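Step one of this worksheet: look at the structure below.
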Amino acid sequence: MANTQAMTTSFMAQLLTGTHNFGVAPVRGSTAADTFKAALYFASATINASTTAYSATNEVTGTGYTAGGNTVTNANVPASTNTSATAGVAYWTASASIVYSTVTIATAFDSVLIYNSTQGNAAVSVHTFGSQTITAGTFTLTMPSNTTSSALLRLATT
């Protein structure tokens, strides 16, 4: 068992059906962006590109941690740019770090699942990091710059 960093396969297909709305000016019927959450998983879990939805199975447990994880602050509008006549990049990053405050998680964890709680807990992406434990502290996932080369989610054409 191992967690593997990936944009989930189901998410990529759902983009083509308009399932996910990261924006603040939605085109579909809703008037608000979807709510995205970030759940932490034990190092012994197996979440990867084939993960289709949030599940509490192998999600971390501990003092101060809420099942389902934390809400992702989403104030960045998805953006895109053309890098040439035939290639482009679309990108999005959460607008604030994801912070788990005053938590104790004694068993090693090494990944976070970003998922869309508005759309049936549909999985978006898995991000891995070095194995961690924490005792009565704050665990922070610092977001990368929201740019074509470093955004949390990037789709590119060539």
Side-chain angles (χ1 to χ4, degrees), residues 3-41 45 47-56 59-60 64-103 105 109-132 134 137-158:
N3 299 315
T4 307
Q5 185 160 300
M7 189 176 301
T8 65
T9 306
S10 58
F11 170 71
M12 290 187 283
Q14 290 164 355
L15 285 176
L16 298 176
T17 62
T19 299
H20 301 275
N21 181 5
F22 287 88
V24 294
V27 177
R28 63 173 200 232
S30 175
T31 58
D34 291 343
T35 298
F36 294 86
K37 297 194 83 175
L40 298 172
Y41 284 83
I47 58 172
N48 51 40
S50 64
T51 301
T52 59
Y54 160 78
S55 170
E59 180 181 13
V60 303
Y65 180 83
T66 302
N70 288 1
T71 300
V72 174
T73 303
N74 184 14
N76 286 337
V77 176
S80 63
T81 185
N82 287 334
T83 56
S84 71
T86 59
V89 178
Y91 57 97
W92 173 87
T93 297
S95 55
S97 296
I98 301 168
V99 180
Y100 303 85
S101 299
T102 319
V103 295
I105 303 169
F109 62 99
D110 69 353
S111 58
V112 63
L113 173 70
I114 306 294
Y115 68 96
N116 187 336
S117 66
T118 305
Q119 300 297 324
N121 295 331
V124 172
S125 57
V126 177
H127 304 274
T128 57
F129 43 83
S131 184
Q132 308 283 317
I134 188 166
T138 299
F139 179 71
T140 302
L141 292 168
T142 303
M143 293 296 105
S145 299
N146 192 36
T147 65
T148 58
S149 61
S150 62
L152 190 66
L153 297 178
R154 293 180 305 248
L155 302 169
T157 59
T158 55

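Since the structure is predicted, the reported quantities are computational estimates derived from the model, not experimental observations. When reading the values below, keep in mind they use all heavy atoms of this one structure, side chains included, and skip hydrogens, waters and symmetry mates.
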N/O donor-acceptor pairs under 3.5 Å from side chains in residues 122-129, not counting sequence neighbours:
| from | atom 1 | to | atom 2 | distance (Å) |
| --- | --- | --- | --- | --- |
| S125 | OG | H127 | NE2 | 2.7 |
| T128 | OG1 | Q5 | OE1 | 3.4 |

### Query
Which atom names give the shortest non-hydrogen contact between A39 and G68, and what distance separates them?
CB-O, 3.9 Å

### Task
Step by step, work out the side chain to side chain contact (heavy atoms under 4.5 Å, CB included) result for N3 and L113.
CA-CA 10 Å; N3 299 315; L113 173 70; over 6 Å; no

### Query
Looking only at heavy atoms, what is the nearest atom pair of S95 and N76, with distance?
CA-ND2, 3.6 Å

### Query
Closest heavy-atom contact between S97 and T140?
CB-CG2, 3.7 Å

#### Entry: Approximate separation, where rounding is to 0.5 Å, of Y115 OH and T51 OG1
13.5 Å

### Task
Check whether any side-chain N or O of N70 sits under 3.5 Å from a backbone N or O of A38 as a donor-acceptor pair, and report yes or no.
no

### Query
Parallel under 30°, tilted from 30 to 60°, perpendicular over 60°: which one fits the rings of F139 and Y100?
tilted

### Message
Please find the pair of heavy atoms, one from Y41 and one from F109, that lie closest to each other, and give the distance.
### Response
O-CB, 3.2 Å

## Note on the structure
Smallest heavy-atom separation, M7 atom then L153 atom, equals CE-CD2, 4.1 Å

### Task
Check whether any side-chain N or O of T102 sits under 3.5 Å from a backbone N or O of G64 as a donor-acceptor pair, and report yes or no.
no

### Message
Within this structure, what is the OG1-CD distance for the pair T8 and Q14, rounded to the nearest 0.5 Å?
### Response
7.0 Å

### Minimum heavy-atom distance between E59 and Y65, given as atom pair plus value
OE2-OH, 2.7 Å

### Query
For the side chain to side chain donor-acceptor pair (under 3.5 Å) test, which of D34, N116, T118 pairs with H20?
N116

#### Entry: With N146 via side chain to side chain donor-acceptor pair (under 3.5 Å) - residues at least two apart
T93

### Task
Go through the steps to decide whether I98 and V72 satisfy the test side chain to side chain contact (heavy atoms under 4.5 Å, CB included), and finish with yes or no.
CA-CA 6 Å; I98 301 168; V72 174; 4.0 Å; yes

### Task
To the nearest 0.5 Å, tell me how far N121 CG sits from T52 OG1.
10.5 Å

